[in-house]
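See below for the structure under consideration.
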Amino acid sequence: MLDKNLLAEHPEIVKESLQRRNATDSLASVDAVGSLVAERKALVFERDNLNAERNRVSKDIGGLYKAGKPQEAEAMKARVAEVAERLKVLEVELTGVEAKIEAIAMDLPNLLHAEVPPGKDESANVVVKTWGEPRRFDFEPQAHVEVGAKLGILDFDRSAKLAGARFSVLSGAGARLDRALVSFFLDTHTTKNGYREVAVPYIVQRHVAEGTGQLPKFEADMFKLAEPLNGSDAFLVPTAEVPVTNLHREEILDDDQLPIRYCAFTPCFRSEAGSAGKDVRGLIRQHQFHKVELVWIVRPEDAEQAHRDLVSHAEGLLEALGLPYRTVMLCGGDTGFGAHRCYDIEAWIPTQGYREISSCSVFSDFQSRRMNLRYRPASTDGKKSKPKLPWTLNGSGLPTGRVIVAILENYQQADGSVVIPEVLRPYMGGLEAIEPSV
RNA sequence: GGAGAGAUGGCCGAGCGGUUGAAGGCGCUGGAUUCGAAAUCCAGUGUGCGUGUAAGCGUACCGAGGGUUCGAAUCCCUCUCUCUCCGCCA
């Protein structure tokens with residue numbers, strides 16, 4: 001969520017960012033919030049003054065009773081009743097105005113980083129790095145669906161029997177590969193990259209998903225439980241970003257707790273509403289997949305470096321696995337709702353080209369404000385400093401499904417076998433290659 | 001699922017419906033003392049919103065939301081959470 005005072009005082013800044021996002025339909029909202037914020041201030045001012053008066057008079061009434069002058073006290077009650085009447089009206093108005101502000105503000109996307117280029121879609125993204133050479137095959141490379149089927153490790157017919165489209169069954173070395181990747185990712189992050197591993201709930205309440213920005217706007221993309229959970233609407237997590245970023249919601253962190261860096265493995269559940277017809281085959285787009293996620297909470301001034309580090313941690317995994325990739329900075333139109341700036345890492349898939357495999361975003365204070373997450377900057381003058389909004393970041397590091405796609409396709413051999421990347425072999429019981437089962 | 005107890009500031013813990021943002025203690029910060037430290041003494045020590053250049057001032061908040069009242073941390077209702085015991089269960 002954006003700062004409401006910024007919306008009221010500098011609408012032009014917000015509008016400029018919306019233009020770069022190609023989100024012109026939101027421009028009117030900015031002006032709407034601006035006038036509502038002014039309206040709210042007037043209401044708050046009157047409300048506070050009336051409250052002050054009521055408190056004053058009520059105190060006097062108490063004093064009069066004590067002094068044994070009940071008649072005089074009774075006489076003053078009329079004024080309080082009058083004030084109370086007006087206050088009731090004001091409260092209702094104020095609640096209404098604040099709800100309106102909130103509703104509009106919650107639907108406005110984050111401000112973009114100054115260097116994010118304008119653009120409508122991925123065609124305007126900027127390639128900032130390319131690593132590795134796509135392999136030259138001396139045979140026709142097969143799609144991962146075929147490679148996996150022939151090896152007997154990937155089965156979409158049976159997953160369809162269980163749950164329908166967009167699910168998968170991994171078996172044998174395939175299932176183990178999935179687990180090996182999770183372990184490899186987590187081990188790398190905890191021992192090499194300095195993250196603390198957390199294991200979190202896979203179901204969250206509504207306000208949690210509002211905190212990171214999935215709600216209220218993208219409810220259609222989430223799986224919602226049919227029954228309320230502990231008194232609240234509840235959703236399956238679409239990514240560990242949601243529970244992990246919210247870990248410290250409503251807290252005031254000490255300066256020396258920062259930066260906080262968490263990694264977490266969770267299944268991810270996405271309804272993928274509106275993706276009809278896209279990637280219907282294979283592991284690319286699933287209703288359920290596994291992912292290790294990286295989450296940072298940092299001082300604003302440390303965010304630039306943090307974003308670079310975050311990207312390099314995701315890239316490092318692909319390099320360790322020997323998978324060619326390129327990194328792109330998303331243009332305004334392709335940058336996610338809450339993101340301030342986002343880099344996508346795209347792995348090379350022989351039968352598909354470069355495909356997104358990780359998305360690393362910095363959210364500035366957008367999520368912190370929604371979560372009411374703050375930190376207290378170190379004091380510079382001996383006095384306690386005021387709480388401030390930290391910046392949050394997150395990135396995939398990495399999902400297993402798309403990495404399995406990349407491994408099956410990039411490491412396939414003419415005989416149908418798939419070589420296991422060296423770094424994974426310790427996690428695969430020393431297995432060097434997955435051989436055809438026939 | 002059943003029965004009970006509870007939810008107050010960073011922590012512990014008081015709080016007859018009236019001047020309580022909230023006693024007391026601990027912790028923390030600054031100062032005094034000391035060669036330095038411990039101990040001791042003094043002072044300070046929540047968050048949001050509004051207003052102000054600022055100091056400050058006003059207002060709200062004692063799990064959440066409603067209600068009663070001139071006035072609610074204190075009374076009433078609903079919800080959520082935590083703890084204990086029983087049952088069930090991975």
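All of these numbers come straight from a predicted model, not from anything done at the bench.
For the pair A/Q205 CD and B/rC81 C1', the interatomic distance rounds to 10 Å; values are reported in whole Å. Going from atom CG of A/L87 over to atom C1' of B/rU59 covers 11 Å, rounded to whole Å. For A/H207 and B/rC81, the NE2 to C1' distance is 12 Å, given to the nearest whole Å. Rounded to a whole Å, the CG atom of A/D255 is 16 Å from the C1' atom of B/rU29. Whole-Å rounding puts the A/L90 CG to B/rA60 C1' distance at 15 Å.
Across all strands shown, B/rA90 remains unpaired; no Watson-Crick or G-U wobble contact has both distances below 3.5 Å. The base-pairing partner of B/rA73, taking Watson-Crick or G-U wobble contacts with both distances under 3.5 Å, does not exist among the strands shown. In this structure, B/rC49 and B/rG58 make a Watson-Crick or G-U wobble pair, each of the two defining distances being under 3.5 angstrom. Shown here, B/rU20 forms no base pair; nothing in the strands shown gives a Watson-Crick or G-U wobble contact with both key distances under 3.5 Å. Base pairing of B/rU84: its partner is B/rA3, meeting the Watson-Crick or G-U wobble criterion (both donor-acceptor distances under 3.5 Å). As the counterpart of B/rC41, B/rG31 is assigned, both hydrogen-bonding distances of the Watson-Crick or G-U wobble pattern falling under 3.5 Å. Checking B/rG10 for Watson-Crick or G-U wobble geometry (two distances, each under 3.5 Å) identifies B/rC26 as its partner.
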May I have the list of side-chain donor-acceptor pairs in residues 90-97 of chain A shorter than 3.5 Å, sequence neighbours left out?
{"unit_1": "A/E91", "atom_1": "OE2", "unit_2": "A/R47", "atom_2": "NH1", "d": "3.3"}
{"unit_1": "A/T95", "atom_1": "OG1", "unit_2": "A/E91", "atom_2": "O", "d": "2.7"}

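To the nearest whole angstrom, the two P atoms, one in B/rU19 and one in B/rG71, are 15 Å apart. One C1' atom belongs to B/rG2, the other to B/rA73, and the distance between them is 32 Å to the nearest Å. A gap of 46 Å separates the C1' atoms of B/rC86 and B/rU45, to the nearest Å. The same atom, C1', is picked in B/rC88 and in B/rG1; the two are 8 Å apart, to the nearest Å. Straight-line distance between the P atoms of B/rA90 and B/rG13: roughly 38 Å, to the nearest whole Å. Only the C1' atoms considered, B/rG21 is 14 Å distant from B/rG58, to the nearest whole Å. For the C1' atoms, the distance from B/rU74 to B/rA37 is 46 Å, rounded to whole Å. A gap of 12 Å separates the C1' atoms of B/rG18 and B/rU69, to the nearest Å.
Residue A/I252 is the one, among A/I252 and A/I61, whose nearest nucleotide of RNA chain B lies closer to the 5' end (criterion: closest heavy atom). When each of A/N51 and A/K59 is assigned the nucleotide of RNA chain B with its nearest heavy atom, A/K59 is the one assigned upstream, toward the 5' end.
Between the side chain of A/R54 and the backbone N or O of A/V83, no donor-acceptor pair lies under 3.5 Å. Formation of a donor-acceptor pair under 3.5 Å by the A/S358 side chain with backbone atoms of A/S396 is found in this model. Listed for the A/N110 side chain is a donor-acceptor partner under 3.5 Å among the backbone atoms of A/G338. With hydrogens and angles ignored, the 3.5 Å screen pairs a side-chain donor or acceptor of A/S171 with a backbone N or O of A/G152. Within the 3.5 Å criterion, the main-chain N or O of A/N55 finds no donor-acceptor partner in the side chain of A/S58.
Salt-bridge annotation for A/K150 and A/E146: absent, with no side-chain N of the basic residue lying under 4.0 Å from a carboxylate O of the acidic one. Of the charged side-chain nitrogens involved, at least one lies within less than 4.0 Å of a carboxylate oxygen, so that A/K15 and A/D31 count as a salt-bridged pair. Between A/D254 and A/R376 no salt bridge is recorded (no basic side-chain N to carboxylate O distance below 4.0 Å).
With sequence neighbours excluded, no residue forms a side chain to side chain donor-acceptor pair (under 3.5 Å) with A/E72.
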Under 3.5 Å, which protein N or O atoms sit close to an N or O of nucleotides 48-55 of chain B? Give each pair with its distance.
{"unit_1": "B/rG48", "atom_1": "OP1", "unit_2": "A/R374", "atom_2": "NH1", "d": "3.2"}
{"unit_1": "B/rC49", "atom_1": "O2'", "unit_2": "A/R40", "atom_2": "NH2", "d": "3.0"}

Taking only N/O atoms, report every protein-nucleotides 71-78 of chain B pair under 3.5 Å with atom names and distance.
{"unit_1": "B/rG71", "atom_1": "O4'", "unit_2": "A/S58", "atom_2": "OG", "d": "3.3"}

Within the sub-3.5 Å range, which N or O atoms of nucleotides 63-68 of chain B have a protein N or O partner, and how far apart are they?
none

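With rounding to the nearest 0.5 Å, the separation of CG in A/N372 from CD in A/E250 is 5.5 Å.
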message = Evaluate A/H340 against A/F366 for ring pair (Phe, Tyr, Trp, His ring centres under 6.0 Å), listing each step before the verdict.
response = CA-CA 8 Å; A/H340 180 52; A/F366 187 84; over 10 Å; no

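Nearest to the side chain of A/N230, among B/rC81, B/rU47, B/rG58, sits B/rC81.
Cation-pi contact between A/R196 and A/Y262: absent, since separation from the ring centre below 6.0 Å together with deviation from the ring axis within 45° is not met.
Among the heavy atoms of the strands lying under 4.0 Å from A/R376 are primed sugar atoms or P, OP1, OP2 only; no base atom is included.
A side-chain donor from one of A/R341 and A/H307 sits under 3.5 Å from a side-chain acceptor of the other.
Residues A/L294 and A/H313 meet the side-chain proximity criterion, which asks for heavy atoms closer than 4.5 Å. A 4.5 Å side-chain heavy-atom check between A/D344 and A/I357 finds every atom pair outside the cut-off.
The stretch residues 91-103 of chain A has no heavy atom under 4.0 Å from RNA chain B, so no residue of it qualifies as close.
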